[in-house]
Amino acid sequence: MSHSPLAVYGFAACFMIFWFGTWCVHLIAICYGKYKLHKKLCKLPTESSPLPGVSILKPLMGVDPNLQHNLETFFTMDYPLYELLFCVEDKHDPAIKLVEQLIEKYPQIDAQLFVGGSNVGVNPKINNIHPGYMAAKYDFVMISDSGIKMKNDTLLDMVQNMSERHALVHQMPFTSDREGFAATFEKVFFGTVQSRIYLSADVLGINCHTGMSCLLRKAVIDQLGGLRTFGCYLAEDFFIAKRVMELGWKMRISNQPALQNSGLCDIASFQARLIRWAKLRVAMVPTTILLEPLSECMILGALAAWSASLLFKWDPLGFYLVHILCWLLSDWLLLSIVQHGSMPFGKFEFVIGWLFRELTGPYLFLHALWNPAIRWRTRTFKLHWGGIAYELPLNSPATDSLTAPLQPAPTLLASSTATTTTTNTTKGAGLGTLSAAAKQRLLIS
């Protein structure tokens, strides 16, 4: 009994230390974001060191109202030497006609379309872009999701961030300005929670790579066995960065955030995306189960308020309210830095979106723990501890628990079985109507 109060004080001290460390992360993200983001690099190409060529891989599935505009930004970039490699799995996908129209509209741009994909693992994205990767002719490869919108100088910025010590340059996820509460919710999430983790991880050298927009040294990926090596993972971006760093190479973020600009934007789809990411993090980094909930504003504030009351006799309610207010203000400051311009919404909308994110975050994480199966298009996957994925049979319930017997991991050397078709210019019809595939594409992006 005599040891019980001492143990309680020990827990309280640990919570206060963790609380203080979390605020250090806030400070690091704000300072580094102000220093790094939207910074114009002054390096100019010379005859002795011209800009390298870049092969850009664009995995596509379905169309949405913004897809044509997003893809067209890749045809109009201010960069002297690049090729566009569009990859589509289904030969009946409406995105094919859209790509053919853009290729015909911009004949001066080196662009190809690959239809059919390959079977090199369980990861649908790797299977889709693998033929394009094999055809890439430049030393640098960029992987860019279909919902990304490029500024004219984004590719130049990424290339100029690729020094001799770096093999991977990635963009911090963010969003374009769009209308509606769902768009506000997405911008608040990516501009606060995601940016805080991303910026501080880049400073500390921690792997926080998301593969929605990244530039890679192709020779390094080939040294690792090519993209097919990562076909056994659903979170291929994390493991690509992990293996690159194990070879002694560096990675860093570019100065410009990635502008996600999907034409389909709703709360349910975005929350499903957040749940899927949480499931992947839990499988890849099991300490996430403990650390992630403790990093939430409301939960951490309550624990810190209790600790401050016990250790320093401070008023817990006052401490808790001040904690939430300071967190809110620091998130607004960070979002303003990432946005680098006027907000598409007012402060009141920000507060509502911020409260919605903070209150639903713990619930979404618990939802991910309760049902670890991952839905991807019409297929269901589960993960081994460590991140290797295997596909569940079609008649297997998606609610299987992590304690269910694990099936063998997929082989890394699966042979290519799908047919790949390459085309350059074909006259096509218009964009067409939204398909069910478009909604699925939003869920997997």
### Query
Salt bridge check: are Lys58 and Asp145 linked by an N-O gap of less than 4.0 Å?
no

### Message
Distance alone, cut at 3.5 Å: any donor-acceptor contact between the side chains of Asn123 and Glu236?
### Response
yes

### Query
Got a sec, which residues hit side chain to side chain contact (heavy atoms under 4.5 Å, CB included) with Thr287, two or more places apart in sequence or on another chain?
Val285, Leu291

### Message
Which residues pass the side chain to side chain donor-acceptor pair (under 3.5 Å) test with Lys137, not counting sequence neighbours?
### Response
Asp110

### Summary
Sorted by chain and residue number, the ring pair (Phe, Tyr, Trp, His ring centres under 6.0 Å) partners of Phe239 (sequence neighbours excluded) come out as Tyr233

#### Entry: Residues Asn161 and Lys36: side-chain donor-acceptor under 3.5 angstrom
yes

### Query
Would Tyr133 and Ser55 count as having a side-chain donor-acceptor pair, cut-off 3.5 Å?
no

### Message
Would you say the rings of Trp23 and Trp327 are close, in the sense that their centroids are separated by under 6.0 Å?
### Response
yes

### Message
Assess, by modelled atom type and distance only, whether the side chains of Tyr198 and His209 contain a donor and an acceptor separated by less than 3.5 Å.
### Response
no

### Message
Quick test of your reading of the model: are Glu100 and Lys105 salt-bridged, counting only N-O distances below 4.0 Å?
### Response
no

#### Entry: Expected output: side-chain Thr184 to main-chain Gly353 donor-acceptor under 3.5 Å
no

### Message
Using the ring pair (Phe, Tyr, Trp, His ring centres under 6.0 Å) criterion, which residues pair with Phe185? Sequence neighbours excluded.
### Response
Phe270, Phe356

### Pairing residues for His340 by the ring pair (Phe, Tyr, Trp, His ring centres under 6.0 Å) criterion, not counting sequence neighbours
His38

### Message
Is there a side chain to side chain donor-acceptor pair (under 3.5 Å) between Gln339 and Lys187? Walk through the geometry before answering.
### Response
CA-CA 9 Å; Gln339 175 73 9; Lys187 187 174 284 288; 3.0 Å; yes

#### Entry: Inter-residue atom distance Ile240.CD1 - Thr229.OG1, 0.5 Å rounding
9.0 Å

### Query
Between Arg178 and Glu186, is there a salt bridge with N-O shorter than 4.0 Å?
yes

### Task
Mark yes or no for whether Asp153, through its side chain, and Leu156, through its backbone, hold a donor-acceptor pair below 3.5 Å.
no

### Query
With the threshold set at 4.0 Å, does a side-chain nitrogen-carboxylate oxygen contact exist between Lys40 and Asp157?
no

### Contacts of Gln171 that satisfy side chain to side chain donor-acceptor pair (under 3.5 Å) - sequence neighbours left out
Ser213

